[in-house]
**Student:** 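Would you mind keeping the following structure in view while I ask a few things?
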Amino acid sequence: MQLSWIELDRAALHHNIQQFRQRLNPSCALLVPVKANAYGHGLTQMAPAFIDAGVQWLGVHSLEEAQAVQAMRLECPILVLGHIARQELHHIVGTSMRPMITQVESIDVLAQYATQRQIRVPIHLKVETGTNRQGLQGQALITLAQRIQDHSYLQLEGCYTHFANIEDTTDHTYAMYQWETFKTVQRDLAQAKIHVPMMHAAASAATMLFPQTHQDMVRTGISAYGLWPSKETYVSLQHESQQPRTLHPILSWKTRVSQVKDVPADAFVGYGCTYRTTRPTRLAIRPVGYYDGVDRRLSNLGYVLIHGRRAPIRGRVCMNLTMVDVTDIPQTQLEDTVVLLGTQQQESISAETWASWCGTIHYEILARLPAHIPRMWDVKTSQMTKDT
Ligand SMILES: *Cc1c(COP(=O)(O)O)cnc(C)c1O
């Protein structure tokens, strides 16, 4: 019997992908990033499922992630969004991986490998438009693009940029400034007679809010997993759009009660004696702690769901254990299902709610779900659904 597991909802995944595919121009490719262990959902589960659902490209951060995707033989292009060390660049030659390049040093190395093996290597240049993270701009960009175009074994397949300030605001002035900057770069490239088949800029928020930024590909992360990038994005879209859009979270996280016990009034709970009962209290112990992804900032904060009711966390979150108050859920029994993230009867706990408890964003909550939690699709055995 699993004591802690992540459930993945395949119908939700298909719903989310359809929501995007329906609104994209047929010539616009849909890339879903599966970096950070597929936003905590599990790379090995999610990468093939996205491809099955009609996603054409996958995005990863590192060479190691790209190699893990490649080992699954999905036959889709894989865009590596982070830097690849020069001595590792030879690994991508002759594969479906596309490196993101921001400097001439990497191009020189790639050119050498590509020429040696006489294999054409497609490249995506990252354009700096104001996020001031990865990217290059101005004459340096044009010169590098020219160099790639002039090389017989290098192909400038794409140029892309990334917006800094869509999710955090309903004022999109800065995003529009970045968009105009990117358009200017595109004009400069065209003027220099440099042909780039794929221009792309939009992550989830821009994909939903600014159809003009779709161009040849969108890179839809968080919303492919069924979450809004932010409240601001949700509000902006409701404000502008006639077409309602629904997203369904794919991930739930569950555990089981490992002990039920009664303690008297005035009893301390957990390390540091930070909680003291005010009445005779029934506690349920859960076999998950901060090692297992329950942020220690949730100590004495937040709740879980048992029998569709809220059970508040009492005392400090331990390394592998957490205590919750089930005094008002008297039917609680050993090995009952506990929902940490997801829905049970009429109650839900979203990653956004967890994030607000922890003072962070839902991206971080998901991305930090430990790799050791088993991930499984659509758990529907009678045993699992008995009490959910
Ligand atoms: C992660 C990432 C995305 C996806 O962002 P979401 O907000 O999750 O849609 C898009 N583009 C780049 C370059 C990224 O690194």
Side-chain angles (χ1 to χ4, degrees), residues 13 16-17 19-21 23-24 28-41 43 46-47 50 55-63 65-66 69 77-84 97-102 123-136 157-169 172 175 178-179 182 198-211 213-234 236-237 245 247 249-251 351-352 355 360-369:
L13 181 150
N16 300 333
I17 297 306
Q19 290 282 300
F20 285 97
R21 199 60 267 181
R23 289 170 171 83
L24 294 174
C28 177
L30 175 57
L31 176 150
V32 173
V34 289
K35 61 196 184 193
N37 199 22
Y39 286 50
H41 290 56
L43 177 65
M46 298 306 288
F50 279 129
V55 170
Q56 293 123 315
W57 283 61
L58 294 174
V60 295
H61 173 69
S62 65
L63 175 66
E65 290 172 348
V69 173
I78 304 163
L79 180 59
V80 183
L81 300 159
H83 178 67
I84 301 175
M97 301 178 213
R98 271 67 166 163
M100 179 278 316
I101 298 287
T102 53
I123 289 165
H124 288 238
L125 286 180
K126 185 82 182 273
V127 181
E128 181 57 75
T129 59
T131 301
N132 289 318
R133 197 169 68 168
Q134 300 183 116
L136 79 171
E157 183 181 47
C159 282
Y160 76 102
T161 194
H162 192 57
F163 295 107
N165 198 27
I166 299 183
E167 296 85 355
D168 292 277
T169 175
H172 296 123
Q178 283 192 277
W179 174 240
F182 192 44
M198 298 185 75
M199 293 289 180
H200 49 111
S204 296
T207 304
M208 293 194 278
L209 291 175
F210 307 119
T213 66
H214 290 179
Q215 297 203 287
D216 305 297
M217 183 157 76
V218 295
R219 307 184 305 266
T220 307
I222 195 83
S223 298
Y225 297 91
L227 293 112
W228 290 84
S230 64
K231 287 192 187 76
E232 288 81 354
T233 306
Y234 180 79
S236 301
L237 193 71
R245 188 189 298 250
L247 296 173
I250 294 171
L251 178 145
E352 288 92 332
T360 183
I361 54 172
H362 49 313
Y363 287 75
E364 186 186 351
I365 298 296
L366 294 174
R368 291 170 72 107
L369 287 172

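Since the model is a prediction, treat every value here as computed from it, not as a measurement. Atoms within each ligand, like the ligands themselves, are counted from 1 in listed order.
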**Student:** Where do Asp216 and Met199 come nearest, in terms of heavy atoms and distance?
**Tutor:** OD2-N, 2.8 Å
**Student:** Considering the options Arg219, Lys126, Gln178, His200, which one meets the side chain to side chain donor-acceptor pair (under 3.5 Å) requirement together with His162?
**Tutor:**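 Result: among Arg219, Lys126, Gln178, His200, Arg219 is the only option passing the side chain to side chain donor-acceptor pair (under 3.5 Å) with His162.
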**Student:** Kindly assign one of parallel, tilted or perpendicular to the pair Phe50 and Tyr225, based on the angle between their ring planes and the thresholds 30° and 60°.
**Tutor:** perpendicular
**Student:** Kindly give the heavy-atom pair with the smallest separation between Met208 and Ser223, and that separation in Å.
**Tutor:** CE-OG, 3.3 Å
**Student:** If you measure only the distance, is there a donor-acceptor pair under 3.5 Å linking the side chains of Thr207 and Ser204?
**Tutor:** no
**Student:** Minimum heavy-atom separation for Leu30 to Val55, with atom names?
**Tutor:** O-CG1, 3.5 Å
**Student:** Which pairs of N or O atoms, one from ligand 1 and one from the protein, are separated by less than 3.5 Å, and what is the distance for each pair?
**Tutor:**
unit_1	atom_1	unit_2	atom_2	d
ligand 1	7 (O)	Tyr363	OH	2.7
ligand 1	8 (O)	Tyr39	OH	2.6
ligand 1	8 (O)	Ile222	N	2.8
ligand 1	9 (O)	Ser204	N	2.8
ligand 1	9 (O)	Ser204	OG	2.5
ligand 1	9 (O)	Gly221	N	2.8
ligand 1	11 (N)	His162	ND1	3.4
ligand 1	11 (N)	Arg219	NE	2.8
ligand 1	11 (N)	Arg219	NH2	3.4
ligand 1	15 (O)	Lys35	NZ	2.6

